[in-house]
J.: 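One structure follows; several queries about it will come next.
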Amino acid sequence: MAVLTGAGSSAESGVPTFRGAGGHWQRFRPQDLASPEAFERDPEFVWSWYDARRSDVAAVAPNAGHYALARLEARINDCTVITQNVDGLHQAAGSANVVELHGSLWRLRCVACGAQPLDRRTPMPVLPPRCQRCSGLLRPAVVWFGEMLSEEALAASEAACERAEVVLVAGTSATVQPAASLPLLGKGNGAYIVEVNTEETPLTPEADVSLRGKTAQLLPMLVDRFEQCSTASD
Ligand code: BJW
Ligand code: ZN
């Protein structure tokens, strides 16, 4: 099984989504914050947004949907969680096989020497932070618009979708590429597509089953049912 998650799956933990009511992109323009040009122009401004988001995420906990996916992984031989989220909440809930397609809020990258230190300090003592090795500017190791995703993360995600019998898509607007195309890769190889979202998305017409509702409510129900069925057939 491959599971693709997006911001909606962390919404009930209190982490804002990007699009839609209350989303980041209602208050800010993506190109002012989530682009390499914005960081070049004003690293302190971009960092102040990331610093606030790191503090907000540090104060929240995984929700029932995250825990349900960790339970699912424990039940299935080959289960990969591919997340577009940078909050680390799947790992905090106990998922071990997680691909962070858009990077992590907790990893930094030096724009000069490429060092990638883990750093969980909230708030950062000085903005923008500097590299301990070479004093270069450190940036969040996340993927901004126009940037390439990590080749390794993308290859692992594609392979997981290509060999999946089921691709579960939870809490993503399925609008940002190449993540949004991953379920179609699975579908092309015969996978059954299940979508869980409070709203319709461009992926809905492609899904075999589309469940309308919140991940923290629906994912535990799905996994409960799966556990009952797999116990019955043991
Ligand atoms: C609930 C819920 C609840 C709410 N329960 N559900 C092909 C065609 C067109 C454009 C492109 C293309 N290929 C590449 C591009 C350009 C671009 C792109 O896709 N643009 C589109 C927007 C048009 N892609 C890129 O630039 C990517 N790079 C790349 O492809 O490089 C090569 C290349 C470059 C340029 C041209 C061509 C090729 C990189 C994309 C990086 C995205 N980065 C961000 C920021 C990450 C760091 C950070 O967090 O700060 O990633 S943007 C933002 O969007 C973030 C998210 O991971 C991503 C996806 O959002 P997500 O997770 O789906 O959240 P929302 O808010 O959109 O949706 C939430 C959903 O949840 C909604 O559906 C709700 O209904 C639902 N929901 N509560 C269930 N409780
Ligand atoms: Zn450095």
Side-chain angles (χ1 to χ4, degrees), residues 4-26 28-39 46-47 49-54 56-57 63-66 68 82-88 99-117 129-151 153-154 168-184 195-204 210-220 222:
L4 174 67
T5 67
S9 55
S10 290
E12 288 153 277
S13 291
V15 183
T17 61
F18 291 90
R19 296 158 190 88
H24 291 300
W25 301 157
Q26 291 221 312
F28 305 105
R29 297 189 315 159
Q31 60 269 37
D32 290 342
L33 288 166
S35 76
E37 295 77 20
F39 188 73
V46 171
W47 253 116
W49 185 57
Y50 278 96
D51 198 38
R53 283 177 62 200
R54 283 163 56 101
D56 291 346
V57 169
N63 64 56
H66 294 110
I82 303 159
T83 188
Q84 299 167 82
N85 301 342
V86 294
D87 53 31
V99 178
E100 292 182 312
L101 210 47
H102 292 162
S104 169
L105 280 177
W106 308 115
R107 193 171 286 284
L108 312 184
R109 189 168 77 238
C110 174
V111 297
C113 77
Q116 292 210 28
R130 294 266 167 190
C131 178
Q132 283 196 343
R133 205 155 81 182
C134 78
S135 308
L137 207 52
L138 286 165
R139 57 164 279 183
V142 297
V143 184
W144 286 325
F145 283 113
E147 292 188 316
M148 302 300 282
L149 282 68
S150 134
E151 263 177 45
L154 188 57
L168 172 59
V169 187
T172 175
S173 60
T175 51
V176 172
Q177 299 293 349
S181 294
L182 289 169
L184 302 180
E195 181 184 57
V196 177
N197 200 304
T198 47
E199 288 173 24
E200 206 168 296
T201 76
L203 192 71
T204 306
S210 196
L211 302 172
R212 203 60 67 240
K214 296 185 170 180
T215 54
Q217 191 187 357
L218 291 182
L219 292 178
L222 263 183

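Excluded from the calculations below are hydrogen atoms, water molecules and symmetry mates; all remaining heavy atoms, backbone and side chain alike, are included. For ligands, and for the atoms within them, numbers begin at 1 and follow the listed sequence.
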J.: How about atom 36 (C) of ligand 1: does it have a protein heavy atom within less than 4.0 Å?
T.: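 Within 4.0 Å of atom 36 (C) of ligand 1, no protein heavy atoms are found.
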J.: Rounded to the nearest 0.5 Å, what separation is found between the CD atom of E200 and the OG atom of S210?
T.: 7.0 Å
J.: Among protein heavy atoms, which sits nearest to atom 10 (C) of ligand 1, and what does the distance come to when rounded to 0.1 Å?
T.: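 Answer, as residue, atom name and distance: Q177 CG, 4.7 Å.
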J.: Is there a polar contact, in the sense of an N or O pair closer than 3.5 Å, between V142 and ligand 1?
T.: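 So ligand 1 has no N or O lying under 3.5 Å from an N or O of V142.
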J.: Hey, which atoms in ligand 1 end up nearer than 4.0 Å to a heavy atom of A11?
T.: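 Heavy-atom distances to A11 below 4.0 Å select 78 (N).
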J.: Report the part of K214 (side chain from C-beta onward, or backbone N, CA, C, O) that has a heavy atom under 4.0 Å from ligand 1; answer both or neither where that applies.
T.: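 Both backbone and side chain.
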J.: Do S173 and ligand 1 have an N or O pair less than 3.5 Å apart?
T.: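 Among all N and O atoms of S173, at least one is under 3.5 Å from an N or O of ligand 1.
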J.: With a 3.5 Å distance limit and no angle check, can you tell me whether R54 reaches the backbone of L105 through a side-chain donor-acceptor pair?
T.: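 Yes, R54 side chain to L105 backbone: donor-acceptor pair under 3.5 Å.
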J.: List the atom of A141, the atom of Q116, and the distance in Å for their closest heavy-atom pair.
T.: CB-OE1, 4.2 Å
J.: Checking a contact table here: which protein heavy atom is nearest atom 28 (N) of ligand 1, and how many Å away?
T.: E147 O, 2.7 Å
J.: For R53, is the nearest heavy atom under 4.0 Å from an atom of ligand 1?
T.: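 It does; at least one heavy atom falls under 4.0 Å.
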J.: Could you work out, for atom 60 (O) of ligand 1, the closest of R19, Q84, M148 by heavy-atom distance?
T.: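 Looking at heavy atoms only, R19 sits closest to atom 60 (O) of ligand 1.
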J.: List the atom of L203, the atom of A180, and the distance in Å for their closest heavy-atom pair.
T.: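 The pair with the smallest heavy-atom distance is CD1-O, 4.5 Å.
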J.: Can you find an N/O atom of F145 closer than 3.5 Å to an N/O atom of ligand 1?
T.: no
J.: Where the Zn ion (ligand 2) is the corner point, what angle links SG of C110 with SG of C134, to 10°?
T.: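 Roughly 100°, rounded to 10°.
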J.: Have a look at T17, L211, N197 and point out the one with the heavy atom closest to atom 72 (C) of ligand 1.
T.: N197
J.: Considering G8, G23, S181, P140, which one's heavy-atom position lies nearest to atom 4 (C) of ligand 1?
T.: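 Of the listed residues, G8 has the closest heavy atom.
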J.: Once you measure the plane-to-plane angle for W144 and F39, does it fall in the parallel (<30°), tilted (30-60°) or perpendicular (>60°) bin?
T.: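 Correct class here is tilted.
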J.: Can you name the one residue among T215, T5, D87 that meets side-chain hydrogen bond (donor to acceptor under 3.5 Å, both in side chains) with S10?
T.: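 So, applying the side-chain hydrogen bond (donor to acceptor under 3.5 Å, both in side chains) to S10 and each of T215, T5, D87, only D87 qualifies.
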J.: Can you check whether A7 has an N/O within less than 3.5 Å of an N/O in ligand 1?
T.: yes
J.: Between T172, V86, T204, which one has a non-hydrogen atom sitting closest to atom 61 (P) of ligand 1?
T.: T172
J.: When you measure from atom 23 (C) of ligand 1 to each heavy atom in L101, T5, T175, N85, which option holds the nearest one?
T.: T175
J.: Atom CD of residue position Q31 - does it have more than 12 heavy atoms of other residues, nucleotides or ligands inside 6.0 Å?
T.: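 Yes, CD of Q31 has more than 12 neighbouring heavy atoms, counting only those of other groups under 6.0 Å.
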J.: About how many Å separate OG1 of T204 and CG of L211, when rounded to the nearest 0.5 Å?
T.: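 L211 CG to T204 OG1: 10.5 Å, rounded to 0.5 Å.
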J.: For the residue pair C110 and G136, what are the closest heavy atoms and their distance?
T.: SG-CA, 4.0 Å
J.: To the nearest 0.5 Å, tell me how far E100 CD sits from R107 CZ.
T.: 8.5 Å
J.: Tell me whether G146 reaches ligand 1 (any heavy atom closer than 4.0 angstrom to a ligand atom).
T.: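 So G146 counts as touching ligand 1.
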J.: Would a 4.0 Å cut-off, counted as strictly less than, catch a protein heavy atom around atom 47 (C) of ligand 1?
T.: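 It does: a protein heavy atom is found less than 4.0 Å away from atom 47 (C) of ligand 1.
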J.: Hey, does the side chain of S104 reach the backbone of W106 with a donor-acceptor pair shorter than 3.5 angstrom?
T.: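 At least one qualifying donor-acceptor pair exists.
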J.: Tell me whether atom 79 (C) of ligand 1 lies less than 4.0 Å from at least one protein heavy-atom position.
T.: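 Protein heavy atom within 4.0 Å of atom 79 (C) of ligand 1: present.
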J.: Below 3.5 Å, N or O to N or O, backbone or side chain included: is there any such pair between T201 and ligand 1?
T.: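 N/O-N/O distance under 3.5 Å: no.
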J.: For the side chain of E12 and the backbone of N63, is there at least one donor-acceptor N/O pair under 3.5 Å apart?
T.: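 Absent.
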J.: How does Y50 reach ligand 1, if at all, at less than 4.0 Å between non-hydrogen atoms: by side chain, backbone, both, or neither?
T.: side chain
J.: Among the heavy atoms of G20, does any lie under 4.0 Å from an atom of ligand 1?
T.: no
J.: In terms of atom number and element, which parts of ligand 1 are under 4.0 angstrom from non-hydrogen atoms of G6?
T.: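 The list of qualifying atoms is 62 (O).
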J.: Search all heavy atoms of R109 against all heavy atoms of G114 and return the closest pair with its distance.
T.: CG-O, 4.1 Å
J.: Using a 3.5 Å cut-off on N or O atoms only, is V176 in polar contact with ligand 1?
T.: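 Checking ligand 1 against V176, no N or O pair falls under 3.5 Å apart.
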J.: Identify, for atom 77 (N) of ligand 1, the protein heavy atom at the shortest distance, and state residue, atom and that distance.
T.: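 I find the closest protein heavy atom is T198 OG1, 3.4 Å.
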J.: Yes or no, since that's all I need: does a protein heavy atom fall within a distance strictly under 4.0 Å of atom 16 (C) of ligand 1?
T.: no
J.: Nearest non-hydrogen contact with atom 70 (C) of ligand 1 belongs to which option: P178, S10, G171, A170?
T.: G171
J.: Among protein heavy atoms, which lies nearest atom 51 (O) of ligand 1, and at what distance?
T.: H102 ND1, 3.2 Å
J.: For Q177, does the CD atom have more than 12 heavy-atom neighbours from other residues, nucleotides or ligands under 6.0 Å away?
T.: yes
J.: Polar-atom distance check: V143 versus ligand 1, any N or O pair below 3.5 Å?
T.: yes
J.: Protein heavy atom under 4.0 angstrom of atom 42 (C) of ligand 1, is there one?
T.: yes
J.: How far is atom 5 (N) of ligand 1 from the closest protein heavy atom, and which atom is that?
T.: T215 N, 3.0 Å
J.: Considering only non-hydrogen protein atoms, determine which one is nearest to atom 56 (C) of ligand 1 and report residue, atom name and distance to 0.1 Å.
T.: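 The protein heavy atom lying closest is F18 CE1, 3.6 Å.
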J.: In ligand 1, which numbered atoms sit nearer than 4.0 Å to a non-hydrogen atom of G213?
T.: 5 (N), 79 (C)
J.: Looking at ligand 1, does any of its N/O atoms fall within less than 3.5 Å of an N/O of E12?
T.: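 Checking ligand 1 against E12, an N or O pair does fall under 3.5 Å apart.
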J.: Could you say whether the N/O atoms of W49 and ligand 1 ever approach to under 3.5 Å?
T.: no
J.: For T172, is there any backbone N or O sitting under 3.5 Å from a side-chain donor or acceptor partner on N197?
T.: yes
J.: Right, does atom 33 (C) of ligand 1 have protein non-hydrogen atoms nearer than 4.0 Å?
T.: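 It does not; no protein heavy atom is within 4.0 Å.
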J.: Atom CD of residue position Q132 - does it have more than 12 heavy atoms of other residues, nucleotides or ligands inside 6.0 Å?
T.: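 Check fails, neighbour count at 12 or below.
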